[in-house]
Amino acid sequence: MSTRKYSPPPNFIKDIIDDDLRTGKYEGRVHTRFPPEPNGYLHIGHAKSICLNFGLAEEYNGKCNLRFDDTNPETENEEFVKAIQEDVKWLGFDWEDRMYFASDYFEQLYQYAVELIKKGKAYVDSLSPEEIREYRGTLTEPGKESPYRNRSVEENLELFEAMRRGKFPEGAHVLRAKIDMAHPNLNMRDPVMYRIKHVPHYRTGTQWCIYPTYDFTHCLSDSIERITHSICTLEFEDHRPLYDWFLDELEVYHPRQIEFARLNLTYTVLSKRYLSILVNEGYVKGWDDPRMPTIRGLRRRGYTPEAIRDFCERIGVAKRNSIVDIALLEHCIREDLNKRAPRALVVLNPLKLVILNYPENQVEELEAVNNPEDPAMGTRKVPFSKVLYIERDDFMENPPSKYYRLAPGREVRLRYGYYVTCVDVIKDPGSGEVVEVHCTYDPATRGGWSPDGRKVKGTIHWVSADHAIPVEVRLYDHLFTKADMVNLEEDEDFRKYINPDSLRILYPCYAEPSLANAPVESRYQFERVGYFCVDPDSTPERLVFNRIVGLRDTWAKIQKKFS
RNA sequence: UGGGGUGUCGCCAAGGGGUAAGGCACGGGUCUUUGGAACCCGCAUUCGGAGGUUCGAAUCCUCCCACCCCAGCCA
């Protein structure tokens with residue numbers, strides 16, 4: 001049962017599937033797959049693909065496999081395999097017993113290659129890599145055929161087997177499909193199917209020294225797994241004729257490749273290259289830095305799987321290149337956490353407030369609501385006393401007209417506490433900075449209501465100084481200062497747009513005592529401030545909170561309008 | 001000057017001959033012990049451009065323009 005007010009948009013892939021179901025193609029099955037290469041960490045762009053593939057399977061009562069596309073042993077490893085599994089699971093998807101590896105198909109793939117050789121559709125080429133490039137031609141000129149293109153089937157078979165046996169050094173030979181060196185689509189100009197790499201594979205060890213390429217492997221892996229709809233990104237559109245060619249020539253089960261536009265987000269980058277630079281050059285602290293758009297980064301930041309899935313659904317699926325406003329992602333996490341996160345009073349930039357007429361050693365336990373959106377979450381007690389901390393921003397000596405927080409002579413409500421009126425201000429004699437605010441309180445307003453019905457314009461949050469626990473708060477901002485990081489000028493260095501203020505650390509901030517045992521990864525709304533998540537850097541002595549996202553700030557907008 | 005794609009509101013995105021959904025953002029308002037949330041209202045006479053077909057075109061046809069991808073033994 002869904003409580004959402006919008007419905008997931010239709011998309012062209014569902015149209016295709018609906019058609020296939022109607023015409024009985026694939027016996028009414030829907031079987032997709034998410035095929036990551038285990039050479040890096042997953043990011044929000046992958047999440048789009050994961051949600052699409054697993055989501056489609058779910059929606060059509062089908063299946064979705066997790067398949068590692070591990071055909072390049074130079075860059076792939078077990079660590080990434082584990083990390084990817086973790087991330088997909090954390091996002092909330094289940095491949096059940098269907099985790100596969102392209103490397104499991106190596107022997108079968110080899111046999112398919114032999115079959116193509118026998119059919120005269122593949123040959124061993126002995127041109128050097130440079131020569132192959134030259135022979136390929138250009139975008140506007142046709143390529144030319146390799147002098148080795150017409151070797152006999154027997155010779156090809158012998159050579160290919162010798163390649164497998166490790167008789168040649170890397171680069172000496174490759175196996176190529178025999179298609180058409182003059183084809184207008186460069187991918188069809190006798191693409192490489194196998195190359196020699198004397199490199200152990202993290203799964204097959206030293207069993208192989210020749211490895212199949214993506215084009216040859218992917219379509220056949222899909223075929224072997226009886227995938228119905230093989231969904232990939234736009235840059236593979238040009239490869240579809242090749243995908244189809246291998247399957248047609250081999251006369252095997254033939255899935256359909258469908259391409260969609262990959263995700264781009266404002267104020268961040270999603271390419272493996274840029275992300276690696278951020279990590280390797282120390283602009284962030286690692287792949288799970290809360291500023292990173294990686295799944296691990298978002299998770300550490302405090303994003304929920306639900307919010308990420310909601311986001312992936314809302315952005316839609318189409319073929320047009322686009323850059324989604326990161327404000328939508330922020331909206332999704334706010335909406336999710338508003339309903340689920342318990343509230344807490346935490347002062348980020350403390351200013352001391354003394355209630356002159358409050359009894360010296362008195363402490364009251366005031367009742368606070370844990371989540372006004374969900375009464376079932378109950379209430380808690382918050383200690384109140386003579387000396388409090390309030391937010392610096394909640395006091396102004398000379399307030400503008402629209403300001404309705406604390407100021408000399410003004411009365412405000414302390415949330416769940418009392419009405420207080422500012423009667424005096426203590427300043428640092430040197431700097432003139434306000435260091436303390438003196439107030440009087442109205443004992444009749446306990447809990448925040450006045451029996452005389454007198455209204456107060458502002459409600460501010462506070463923490464009792466004696467009971468406060470000092471915590472560290474990390475405020476994050478966008479990683480980049482430029483919204484569109486996709487369309488940079490030619491030869492423009494993306495580093496020049498790195499936001500130097502993407503992280504601000506605040507300490508000490510003062511939190512209400514109930515937060516003392518907050519477990520890592522638990523999330524709270526700090527009232528009037530934002531949503532926060534306990535970081536694993538926390539120690540029993542010092543809790544660390546990451547700001548996931550701020551609350552919508554109407555006051556900030558008003559201020560902006562005035563300035 | 002090759003091939004493959006894409007162009008609908010500031011950002012996403014439906015709609016595919018019957019007279020422009022929705023979300024985010026933005027603006028205004030109601031309410032409020034979070035300047036939060038919720039709720040209400042507003043927000044494309046117009047669909048890259050120009051012609052054409054038609055009673056009627058974002059949808060069909062023609063031409064043009066812009067942008068993206070492809071010359072790894074990466075995926």
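For clarity, every value in this text was computed on a predicted model and none was experimentally measured. So that the names make sense, note that chain A is the first sequence line, chain B the second, and so on, each numbered from 1.
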| message | Please confirm whether the shortest side-chain N or O distance from A/R189 to OP1 or OP2 of B/A71 is below 4.0 Å. | response | no
| query | Is it true that A/R151 and A/D125 have a side-chain N and a carboxylate O under 4.0 angstrom from each other? | reply | no
| field | Nearest-nucleotide pick for A/E237, side chain only, options being B/G4, B/A37, B/G15 | value | B/G4
| request: Round to a whole Å and report the spacing from CG of A/N72 to P of B/C73. | output: 12 Å
| Please give, in whole Å, the distance from B/A75 C1' to A/R33 CZ? | 12 Å
| request: Give the intermediate values and the outcome of salt bridge (charged side-chain N to carboxylate O under 4.0 Å, His left out) for residues A/E335 and A/R314. | output: CA-CA 13 Å; A/E335 189 175 81; A/R314 289 186 190 222; 2.9 Å; yes
| said: Salt bridge check, A/R454 against A/D442: does any charged N sit closer than 4.0 Å to a carboxylate O? | reply: yes
| Looking only at atom P, what distance separates B/G48 and B/G15, rounded to whole Å? | 16 Å
| task | When you get a sec, tell me which of B/A75, B/G2, B/C24 is the closest nucleotide to the side chain of A/R314? | result | B/C24
| N/O donor-acceptor pair, side chain A/R552 with base B/G35, under 3.5 angstrom | no
| remark: Mate of B/G72 across any strand shown (Watson-Crick or G-U wobble, both atom pairs under 3.5 Å) is none
| task | Would you kindly give the OH-to-C1' distance between A/Y194 and B/C74, to the nearest whole Å? | result | 17 Å
| task | Report yes or no: do A/Y267 and A/D484 form a side-chain donor-acceptor pair below 3.5 Å? | result | no
| message | Please name the nucleotide paired to B/A50 by Watson-Crick or G-U wobble geometry with both distances under 3.5 Å, or report none. | response | B/U62
| message | For B/C74 and A/T71 - does any side-chain N or O of the residue sit under 4.0 Å from the phosphate oxygens OP1/OP2? | response | no
| query | Which listed nucleotide (B/A75, B/G23, B/G5) is nearest to the side chain of A/E235? | reply | B/A75
| task | Would you say whether A/Y214 stacks on B/A75? The test is a distance between ring centres of less than 5.5 Å and an angle between planes of less than 30°. | result | no
| query | With respect to the side chain of A/E527, which nucleotide from B/G23, B/U34, B/A75 is positioned closest? | reply | B/U34
| request: Counting heavy atoms from C-beta on, name the nucleotide in B/G3, B/C73, B/C12 closest to the side chain of A/D238. | output: B/G3
| query | For B/C74, does OP1 or OP2 lie under 4.0 Å from any side-chain N or O of A/K197? | reply | yes
| request: Looking at every strand, decide which applies to A/H239 at a 4.0 Å heavy-atom threshold: base, sugar-phosphate, or nothing. | output: base
| note | Ranking B/C73, B/G5, B/C68 by distance to the side chain of A/I132, first place goes to B/C73
| task | Ignoring backbone atoms, establish whether A/R195 has a side-chain N or O less than 4.0 Å from OP1 or OP2 of B/A75. | result | yes
| query | Between B/C12 and A/R320, is there an OP1 or OP2 to side-chain N/O distance shorter than 4.0 Å? | reply | no
| task | Return no unless some side-chain N or O of A/K557 is found under 4.0 Å from OP1 or OP2 of B/C26. | result | yes
| field | Proximal nucleotide (of B/G2, B/A13, B/G10) relative to the A/D325 side chain | value | B/G10
| query | Taking only side-chain nitrogens and oxygens of A/T554, does any of them come within less than 4.0 Å of OP1 or OP2 of B/G36? | reply | yes
| query | Can you tell me the Watson-Crick or wobble partner of B/G36, both distances under 3.5 angstrom? | reply | none
| message | Does A/V529 reach a base, just sugar-phosphate, or nothing at all? Heavy atoms under 4.0 Å. | response | nothing
| said: Using a 6.0 Å cut-off, check whether atom NZ of A/K272 has over 12 heavy atoms from anything other than its own residue. | reply: yes
| message | Among B/U34, B/U6, B/G23, which nucleotide has an atom closest to any side-chain atom of A/K319? | response | B/U6
| task | Would you kindly compare A/A318 and A/P184 by the position of their nearest RNA chain B nucleotide and give the one closer to the 5′ end? | result | A/P184
| query | For atom P, what is the distance between B/C43 and B/U6, given to the nearest Å? | reply | 32 Å
| Would you say a side-chain N or O of A/R136 is under 4.0 Å from OP1 or OP2 of B/G72? | yes
| query | Of the nucleotides B/A14, B/A25, B/G5, which has the atom closest to the A/R240 side chain? | reply | B/G5
| query | Does B/U34 have OP1 or OP2 sitting under 4.0 Å from an N or O in the side chain of A/H461? | reply | no
| Closest to the A/E373 side chain: B/U34, B/A37, B/C74? | B/A37
| query | Looking at A/R133, does any N or O in its side chain come under 4.0 Å of the phosphate oxygens OP1/OP2 on B/G72? | reply | yes
| note | If pairing means Watson-Crick or G-U wobble with both distances under 3.5 Å, then the partner of B/G16 is none
| Test salt bridge (charged side-chain N to carboxylate O under 4.0 Å, His left out) applied to A/D190 and A/R149, A/R136, A/K144, the passing residue | A/R149
| message | Does either side chain, that of A/Q257 or that of A/S230, offer a donor lying less than 3.5 Å from an acceptor on the other one? | response | no
